[in-house]
Amino acid sequence: MELSKNYIPASVEEKWYKHWLSKNYFSSEPDGRTPFTIVIPPPNVTGVLHMGHTLNETVQDILVRKARMSGFNACWVPGSDHASIATEAKVVEMLKREKGIDKDSLSREEFLNYAFEWKEKYGNIIYNQIAKLGCSVDWKRATFTMDDHYYKSVIKVFVDLYNQGLIYRGARMINWDPEARTALSDEEVDYKDVTGKLYFIKYKIENTEKTPGLEDHIVIATQRPETIMGDTAVCANPTDSRYSGLKGKKVFVPLINRAVPVIFDDYVDKEFGTGILKITPAHDINDYNIGLKFDLPVIETLNDDGTLSKAAQIHVGEDRFEARKKIVEELREQGLLVKEEEYTTRLGYSQRTNAVAEPKISTQWFLKMKELAPPALEAVMSGNIKIHPSERFDATYKYWLENLKDWCISRQLWWGQQIPAWYDRDGNLYVAENEEEANTIFREKYSASRDATFRQQKLRRDEDVLDTWFSSWLWPIEVFKGISQPGNKDINYYYPGSVLVTGQDIIFFWVARMIMSGMKFMGEKPFSDVYFTGMVRDKLGRKMSKQLGNSPDLLHLIHEYGADAVRFGIMISSPAGNDLLFDEGSLEQGKFFNNKLWNALKLIKMWHGKSEEEAQSEDIKKITQAAGSDHNTFAIQWFQNRLNEVNLEVDNLMNEFRLSEALKTIYSLIWDDFCSWYLEWIKPEFGKAIDKKVYQASIKFFEEVLQLLHPFMPFITEEIY
RNA sequence: GGGAGCAUAGCUCAGCUGGUUUAGAGCAUCUGCCUUACAAGCAGAGGGUCCGCGGUUCGAACCCGUGUGCUCCCACCA
């Protein structure tokens, strides 16, 4: 067979992936071997894989292939995440842009049909990319977080937790996304520094003439003048002598002239602003808390979509930012605006829609975390679960788990698991796995006490869906149907998993919650090790993201360099937890490495014809161990020693998850020791046949180094082997 | 405001618990080679007060302190 001058990855990669699939190499079933289980962090169905995914998947594939080669029953479960709010936002946008359809004009069912269409389309793109990278996932186990069994399990878990008193419904101050018009969890809000203005506004004091020594007004600083209509008090520090004369007095909210009391609390910082604070319990978390303390009324001046509500009295229906401008103008005209100052503050933005999040009092579903956290904390602190690199993440993990607030799990969306709660006409609540059960509970409750018409009413189902993480926290369990079919042979065999490989950005969203759910529902950790990869950044150090458009297209890179080279490039400089600046140069290095291997093959093949007739039945081990005076025997011995050393070293490095160092070691073994040194040393003079023993030894060495490299670069090693 | 990490050749990064390292790799630069495995290569060269300053030590890129710069996470100051 004539070998091409250079290695051409495209010509072999697809062939081998198909071959592996046809031989069921990636498929795993429980057997007598020790399992090695990895569940993929399911990518969102919202789009395509970026470089962060590429790094994650590559790391997982290396670990899985290595384990498989070492005799473990390796099982890597692929899948995708419905990503409730992220996907819904995309679908809404797509409908508007491509079809001119407004979400409001669709029924829930119609919308969900579009969403499932979207999922089919993008889910497959992601799966295709995973395959192109060479990932040895067990495709028959592919799971989607809204698969039927998964959906039912999420519902079951909700009902169970509700019945245990861990889930409750209540009005709390939550973060609200006015664009998606849904509640958010605290974790879904990103804070950014922005330059805004601090407005100093006059509030007139009632009966001023009876308050000698005081002006007829006080000045209050605020960033959000559009919320003054929601003020229900103003507050000063009790030790602040400037305001002690205001005790028992009222002041008037500008523009609408509603009188509100002056209260005193040491929460107020005398040094900041004017030392006196307006209290708007409906639209600020601190004000809300003070409001609770002083039993202040709550006036909601904003609608769900961020426009001013009727309660605001003025600018009703106008957008909050538009209203702000107008209100500032009006205050100025009426001489109530003392001054404005530049001011830098932190604003919370919805992670998905990038809208400024509104603190809002809202009736939502919450999961109590107090009980779930301690076992999850203990699992990591005791070393039962090891985080890599631990020195960096143990502290973060600990802090978060010790300072947990209840988790807001309901979302005012359609795409996701609908909350299994029903209401009767009186607003009483029935939580059950399906409508029939809810009805049963309802009828039993009122079997005697209410008339037949009441008892025969159709219960209304809660419209909301669950936070997407309320389904993904069950991932390591439900991919093996551990909740829908508890005790089945897969869950018994594969759980707990071996390693979780993921980005450090979802340590709270996902990792900590999976540990909680594992401890809660399985009574055992979901995995033994957590390997955090770093963030992949662009050359300017920016996080790679779709918004910035600075993430290269994976398929394009694979086309350009080959999947092996992409894997090599992304791995060669990414130690656990360290961020890496993505540099195509390292992909090129991978491509060159491919070629080096290819040419080593060509060289050895060239010798093949010349030693073929005798190339049998010799035991290479004997040869390599036998003492010999000729220089080839020395080379064989030397390389054998080197190989033994590296084998040991690579094993150690990989056990410590130091994959980039392992790859570097193998790279140097192949390039420097095998090619530059060994092959050059034993290379016969042109035209001469090679010693058959040396030939056989070389074949054996080549096979062994290829095996070492195989988990990292599966395609070319398979092709040569 | 609290916490964490990083700072090593022009660039992207290794260098794990201090001593075979006169500080390494790839890319980039320069010189010479299209030598029958490989110019996607080979042979060689240049290039670094290992961020500054103190300290510990027989010995520090590595440990301690401190300063500076960058990044990230957490946090309710209008």
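Lettering follows sequence order; numbering is per chain, from 1.
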| said: Categorize Glu649(A) for me: base, sugar-phosphate, or nothing, with a 4.0 angstrom heavy-atom threshold over every strand shown. | reply: nothing

| task | Kindly determine whether Tyr531(A) and His388(A) satisfy ring pair (Phe, Tyr, Trp, His ring centres under 6.0 Å), including the steps that lead there. | result | CA-CA 5 Å; Tyr531(A) 176 107; His388(A) 310 269; 7.3 Å; no

| said: By nearest heavy atom, map Gln589(A) and Gln223(A) onto RNA chain B; which one lands nearer the 5' end? | reply: Gln589(A)

| Check: Tyr399(A) and Asn403(A) side chains under 4.5 Å, non-hydrogen atoms | yes

| query | Which is true for Tyr343(A) with a 4.0 Å heavy-atom rule: it touches a base, it touches only sugar-phosphate, or it touches nothing? | reply | sugar-phosphate

| field | Interatomic distance at P, U66(B) relative to G3(B), whole Å | value | 12 Å

| query | Does the base of C38(B) carry an N or O that pairs as donor and acceptor with the side chain of Lys602(A) under 3.5 Å? | reply | no

| message | Would you measure the distance from the C1' atom in C6(B) across to the matching atom in C30(B) and give it in whole Å? | response | 33 Å

| message | Applying a 4.0 Å non-hydrogen cut-off, can you work out what Leu277(A) is touching in the nucleic acid: base, sugar-phosphate, or nothing? | response | base

| request: With heavy atoms under 4.0 Å as the rule, sort Lys664(A) into base, sugar-phosphate or nothing. | output: sugar-phosphate

| said: Please give the distance between the C1' atoms of A25(B) and C63(B) as a whole number of Å. | reply: 26 Å

| Across the strands shown, which category fits Ala395(A) at heavy-atom distances under 4.0 angstrom: base, sugar-phosphate, nothing? | nothing

| field | Sugar-phosphate, base or nothing in reach of Tyr399(A), heavy atoms under 4.0 Å | value | sugar-phosphate

| query | For residues Asp231(A) and Thr280(A), is any side-chain donor paired with an opposing acceptor at under 3.5 Å? | reply | yes

| request: Could you measure between the two C1' atoms, the one in G69(B) and the one in C27(B), and give it in whole Å? | output: 26 Å

| said: Under 6.0 Å from the ring centre and within 45 degrees of the ring axis: does the NZ or CZ of Lys192(A) meet both conditions for the six-membered ring of Tyr349(A)? | reply: yes

| message | What's Thr222(A) touching, base or sugar-phosphate or nothing? Going by heavy atoms closer than 4.0 Å. | response | sugar-phosphate

| Phosphate contact (A78(B) OP1 or OP2) by Thr345(A) side-chain N/O below 4.0 Å | yes

| Nearest-nucleotide comparison on RNA chain B, the residue closer to the 5′ end among Phe272(A) and Asp672(A) | Asp672(A)

| request: Tell me what Arg658(A) touches on the nucleic acid: a base, only sugar-phosphate, or nothing, going by heavy atoms under 4.0 Å. | output: base

| Span that lies between the P atom of A37(B) and that of U31(B), in whole angstrom | 27 Å

| said: Any base atoms under 4.0 Å from Cys235(A), or only sugar-phosphate, or nothing? Heavy atoms, all strands. | reply: nothing

| query | Given the C1' atoms of C13(B) and A61(B), what is the spacing between them in whole Å? | reply | 15 Å

| remark: Applying the Watson-Crick and G-U criteria (both distances under 3.5 angstrom) with [ ] for crossing and | for other-strand pairs, one obtains for RNA chain B (((((((..((((.....[....)))).(((((.......))))).....(((((..]....))))))))))))....

| query | Which residues satisfy the side-chain contact (heavy atoms from CB on, under 4.5 Å) test with Lys66(A), sequence neighbours excluded? | reply | Ser70(A), Asp651(A), Met654(A), Pro711(A)

| request: Report the relative orientation of the aromatic rings in Phe674(A) and Phe639(A); use parallel for angles under 30°, tilted for 30 to 60°, perpendicular for over 60°. | output: tilted

| query | Looking only at N and O atoms, is any donor in the side chain of Glu588(A) or the base of A28(B) less than 3.5 Å from an acceptor on the other one? | reply | no

| message | Just to be sure I understand the rule, does Tyr267(A) reach a base, reach only the sugar-phosphate, or reach nothing, if contact means heavy atoms closer than 4.0 Å? | response | base

| Atom C1', compared across G52(B) and C16(B): separation rounded to whole Å | 27 Å

| Can the positive tip of Lys339(A) be found less than 6.0 Å from the middle of the six-membered ring of Phe200(A), inside 45° of the ring normal? | yes

| task | Under 4.0 Å between any heavy atoms, over every strand shown, what does Lys278(A) touch: base, sugar-phosphate, or nothing? Just pick one. | result | nothing

